[in-house]
2 protein chains.
Amino acid sequence: MAVGDRPYHHGDLREALIEAGLTLTRQEGPEALRMREVTRAVGVSPNAAYRHFADRRELLDAVGQRIQHLMVDRMVALRSGTGDRATQAIDGLRAVGLGYIDFALGEPGWFAVAFFPAPGSRPEDAAPREAPPYRMLVDALDEMVAAGLLGAAARDGARWACWATVHGFAGLATRGPLAALPPAEVRRQARRVVEAIIDGVCRERPT
Amino acid sequence: MAVGDRPYHHGDLREALIEAGLTLTRQEGPEALRMREVTRAVGVSPNAAYRHFADRRELLDAVGQRIQHLMVDRMVALRSGTGDRATQAIDGLRAVGLGYIDFALGEPGWFAVAFFPAPGSRPEDAAPREAPPYRMLVDALDEMVAAGLLGAAARDGARWACWATVHGFAGLATRGPLAALPPAEVRRQARRVVEAIIDGVCRERPT
DNA sequence: ATCCTAGTGTGTACGGTGTCCACATTGCCA
DNA sequence: TGGCAATGTGGACACCGTACACACTAGGAT
């Protein structure tokens with residue numbers, strides 16, 4: 001059953017490939033995910049991967065989704081539930097925004113895999129509307145509405161506005177000019193930016 | 001002097017390579033810039049490019065800077081100078097934001113080259129602080145301060161907040177889930193998002 | 001218990017890429 | 001007019017993604 005000590009069939013190769021992809025992309029980002037290297041890391045022939053993923057991109061997408069789940073895991077760990085409903089709601093929204101940015105700053109390679117996988121990736125399934133971090137944001141905004149801090153009519157626009165701001169800041173901070181600033185300053189600016197968009201979104205009147 | 005009809009020396013090969021890079025990346029984005037194809041388009045041997053650019057990335061960066069200049073060219077065309085100083089200032093800021101987004105929507109390939117060149121690009125020189133579109137934003141915010149619509153202390157933070165929002169929206173709209181929405185809806189949301197961040201930034205109190 | 005089939009991994013090969021090296025050609029300046 | 005620095009060429013190397021045909025193995029039907 002085995003010529004070396006490893007059986008011919010790997011057991012759960014699909015999972016192993018995704019995990020190898022995770023460790024490979026953590027430092028260098030999506031470019032570091034090369035079929036030959038992933039399979040090499042798992043100790044398997046390059047073509048074996050094609051039994052589980054049609055493409056390099058399909059594997060990369062799978063890794064990206066896994067990373068999005070890691071992301072929400074870290075984000076939920078930030079929530080603190082004290083105070084009345086209004087402060088809880090606003091704290092929750094803040095936590096989502098800062099958590100998103102913190103993850104990007106702490107794991108720039110992974111963040112790039114999750115949200116900038118490949119320049120030519122087809123956008124419709126790149127980061128579907130059900131992206132877990134996006135759901136967290138949606139929930140946080142619903143809490144704001146329930147607490148009376150945000151008009152129900154403004155909710156839809158607020159989703160895009162909040163996501164855009166936080167996402168853009170993360171992009172500028174990881175692969176843009178903000179990366180040149182010292183990390184403490186970056187975090188300080190992150191807090192200001194999050195406050196600004198929360199303010200702007202709460203003031204928004206329906207159009 | 002010529003074996004075919006083209007002289008051995010190209011004249012301005014560096015410029016020709018950049019222009020070929022522009023046309024190659026316009027549709028498909030940064031990935032479409034391949035050394036062999038660029039040189040092929042110019043009618044020159046692949047290695048000739050290495051007399052003018054150390055790397056593929058160096059050429060890609062040059063193309064990206066060129067695109068940033070194209071971007072401001074289109075953005076300045078949007079400015080309309082009517083009304084009093086305050087309305088001019090706020091209209092200018094709006095125009096910068098919407099112009100940024102419009103360019104990204106109209107030229108997603110180029111936008112990606114300018115701001116998401118390669119996942120592994122070293123961020124310090126990726127989009128230096130003097131990026132032309134960023135300078136436009138800085139100027140617009142200075143006008144806001146001069147018009148008394150923005151506190152001088154808040155200006156620094158406002159720069160990052162505005163850029164992050166607009167940049168993030170462009171990213172979501174070109175390679176993210178917003179790309180799935182109909183273009184008219186995207187533009188509508190763009191207007192709301194820009195309004196929201198302007199509101200938020202103007203309300204900001206110093207920290 | 002045996003066979004067969006579907007699932008999974010392997011070997012080989014092809015075309016493409018970025019980039020290094022040695023060499024060819026040319027324009028320019030002393 | 002000679003020579004030198006700049007510029008373009010040809011060939012080669014290592015690597016990549018992936019298609020094709022084949023090998024092995026597990027597990028259900030007989």
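Numbered from 1 within each chain, the chains take letters A, B, ... in sequence-line order. Predicted model only: the values in this text are computed from it and were never measured.
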Please report the distance, rounded to the nearest Å, between CD in A:Glu31 and P in C:dT17. 16 Å
Exam field: side chain A:Arg40 to backbone A:Met35, donor-acceptor pair closer than 3.5 Å: no
By nearest atom, which of the nucleotides D:dG8, C:dT10, D:dT18 is closest to the B:Leu13 side chain? D:dG8
Distance-only donor-acceptor test (3.5 Å): side chain B:Asn47, base D:dG11: yes
Hey, does the side chain of B:Trp110 reach the backbone of B:Gly29 with a donor-acceptor pair shorter than 3.5 angstrom? no
Proximity to the side chain of B:Met35 - top-ranked nucleotide from C:dG18, D:dG8, C:dT17: C:dG18
Does B:Arg175 qualify as a cation-pi partner of A:Phe116, given the criterion of NZ or CZ under 6.0 Å from the six-membered ring centre and within 45 degrees of its axis? no
Heavy atoms under 4.0 Å, any strand shown: does B:Arg51 hit a base, just sugar-phosphate, or nothing? base
With the side chain defined as heavy atoms from C-beta on, B:Arg34 is closest, among C:dT17, D:dT18, D:dT9, to C:dT17
Where does the angle between the aromatic ring planes of B:Phe115 and B:Phe111 fall among parallel (under 30°), tilted (30 to 60°) and perpendicular (over 60°)? tilted
Can you tell me if B:Arg14 touches the phosphate of D:dA6, counting only side-chain N or O atoms and a distance under 4.0 Å to OP1 or OP2? no
Tell me: CZ of B:Arg36 to P of D:dT9, nearest whole Å? 14 Å
Once you round it to whole Å, what is the distance between P of D:dG17 and CG of A:Leu17? 13 Å
Separation of atom CZ in A:Arg40 from atom C1' in C:dG9, rounded to whole Å: 17 Å
Distance, rounded to the nearest Å, where A:His52 contributes NE2 and C:dA6 contributes P: 18 Å
